[in-house]
2 protein chains.
Amino acid sequence: MQSGRLSDFAYSSIKEQLTRGAYKPGHKLPIRSVAEMLNVGATPAREAINRLVFEGALVMVGPKTVIVPHLDLTALYEVTQMRLALEGLATERGTLRATNDVVDKLLALQEKITLSLDERRYSDALHDNKEFHFTIYRLCEMPRLLSTIEALWLRVGASFHDLYPEFAEAKYGVHNHLAAIEGLVDRDPSAVRAAMENDIRDGYRRLKKAAQERLKRQ
Amino acid sequence: MQSGRLSDFAYSSIKEQLTRGAYKPGHKLPIRSVAEMLNVGATPAREAINRLVFEGALVMVGPKTVIVPHLDLTALYEVTQMRLALEGLATERGTLRATNDVVDKLLALQEKITLSLDERRYSDALHDNKEFHFTIYRLCEMPRLLSTIEALWLRVGASFHDLYPEFAEAKYGVHNHLAAIEGLVDRDPSAVRAAMENDIRDGYRRLKKAAQERLKRQ
DNA sequence: TTCATAATTTTGTTATCACAAAAATCATGA
DNA sequence: TCATGATTTTTGTGATAACAAAATTATGAA
């Protein structure tokens, strides 16, 4: 179940819950409740929560209240800009180190994604979509860059997770992913970057639209 | 002296020490020592240290040993690439919002920097250099971007701080800063970005060279 | 001296407790 | 019904102690 530090276990657990959309925006995360739920003491729970606040995955709305962040279009925009810059960098660097094995893996992933979308298994599609992106980003072998990008994904993932299903419906991304794969085959950094940027921007627009509609309904 | 949370106080204190180069690379930071030095309990000290480890400003070299990172050219390169991407973004966005007041402030800062360099007050020069950069970055009003950039500065600042004096000697940067100011006057985003990128790259090269020479000497 | 090993000290982690402050609940009056 | 103030509960923070494991030092043999 858990190995080593309880703080890390608590951190991973909450993070996992967040990326699975287990908590609705606004949901409170008091230390003692988290501690009880995970069967750990207050100290590891506290540490995990604070770390997630530092990373921006959770927000403090009062001196003693940490919640799952509400939809925040400003944050979404800002994170998108940072994603374009950093994932663009990772993509260009990665393309130069691409191998045929990676291309095959991406093709397989893309087939899985398409299948998942057809069968409306959005959660699976989103999971493999993330794997698709990070398979490319991992190529550049820049661990610090990678962890920064991961933090950005978590940031929007937390508050926008429940929008992803309606976001995935549109099947945006398929075309961009295929373009990215073609660019990788050609070892053409700027082509792959353009495809990935397009993917990020499409996602941003779709997510923003869904968020605006939801905000209007309430 | 300290207001509110002791953890934050401890965090800021250590961070301050790091950016001032108070600790040599390899210096150990055991919880209890830090706690005693800052006159706080173990909990705040522990929290501050862990946070700095997460951010990459300190490194864990064993299950129970946290040290100030040694010179690491790989990390320097990686952080530089991220800086180019993120500070480039901040610069372009900021340029669009530049005002004459900001230009005046930058001119004043640049005069201070030049004076400090002439009088060999490198610490002052470096401080104002940072202020110069962040005065531009603050313009875009993207707080999440800004804090990410700050973390990057801290990252290299910690292990490369004692190289900055010999780095500053060369007076690199002056020309780039002036070019940036001119670009701001013209409200020309890509001009300012080019100047800032050049500044970052010059700094990287100088720092890398100094680090290599030092590594050779030992 | 050098290296492996044993003894000792140091250290990180976690649970627990006390306290002050914040948040929630309730009561009251218009 | 709603605002407002008082009361109760909940909560984050920080100190402390116990424990296991790591780091350090001491030891001894080759």
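All values derive from a computational prediction rather than experimental measurement.
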Quickly work out the A:R32 CZ to D:dT9 C1' distance and round it to whole Å. 11 Å
Among C:dT13, C:dA15, D:dG12, the one nearest any side-chain atom of A:I31 is D:dG12
Please report the distance, rounded to the nearest Å, between CZ in B:F9 and C1' in D:dG14. 14 Å
Distance from B:E131 atom CD to B:I136 atom CD1, nearest 0.5 Å? 10.5 Å
Options D:dT16, D:dA23, C:dA23, nucleotide nearest the side-chain atoms of A:K28: C:dA23
Please report, rounded to the nearest Å, how far the P atom of C:dT13 is from the CD1 atom of B:I49. 9 Å
Any side-chain N or O of A:T65 below 4.0 angstrom from OP1/OP2 of C:dA22? no
Donor on one side chain, acceptor on other, A:E55 and A:Y11, under 3.5 Å: yes
For the rings on A:H133 and A:H177, is their centre-to-centre separation under 6.0 Å? yes
Would you mind reading off the distance between A:E36 atom CD and D:dG12 atom P, rounded to a whole angstrom? 13 Å
Kindly confirm or rule out a cation-pi arrangement of A:K130 over A:F132, judged by NZ or CZ under 6.0 Å from the six-membered ring centre and within 45° of its axis? no
Taking only the side-chain heavy atoms of B:P30 (C-beta and beyond), determine which of C:dA15, C:dG12, D:dG12 contains the nearest atom. C:dG12
Without decimals, in angstroms, what is the distance between A:R51 CZ and D:dG12 P? 19 Å
For the pair made of CE in B:M60 and C1' in C:dT13, what is the distance, rounded to whole Å? 11 Å
In whole angstroms, how far is the P atom of D:dG12 from the CD1 atom of A:I67? 13 Å
Starting the side chain at C-beta, find the nucleotide from C:dG12, D:dG14, D:dT13 nearest to A:N50. D:dT13
Heavy-atom nearest nucleotide on DNA chain C for A:P63 versus A:S7: which residue maps closer to 5'? A:S7
So does A:D72 pair up with A:R155, basic N to acidic O under 4.0 Å? no
Taking atom C1' of C:dA15 as reference, at what distance in whole Å does atom CZ of B:R46 sit? 12 Å
D:dA23 base to B:K64 side chain: any donor-acceptor pair below 3.5 Å? no
Donor/acceptor link under 3.5 angstrom from B:R5 side chain onto base of D:dG14: no
Which is more 5' along DNA chain C, the nucleotide nearest B:L29 or the one nearest B:T43? Just name the residue. B:L29
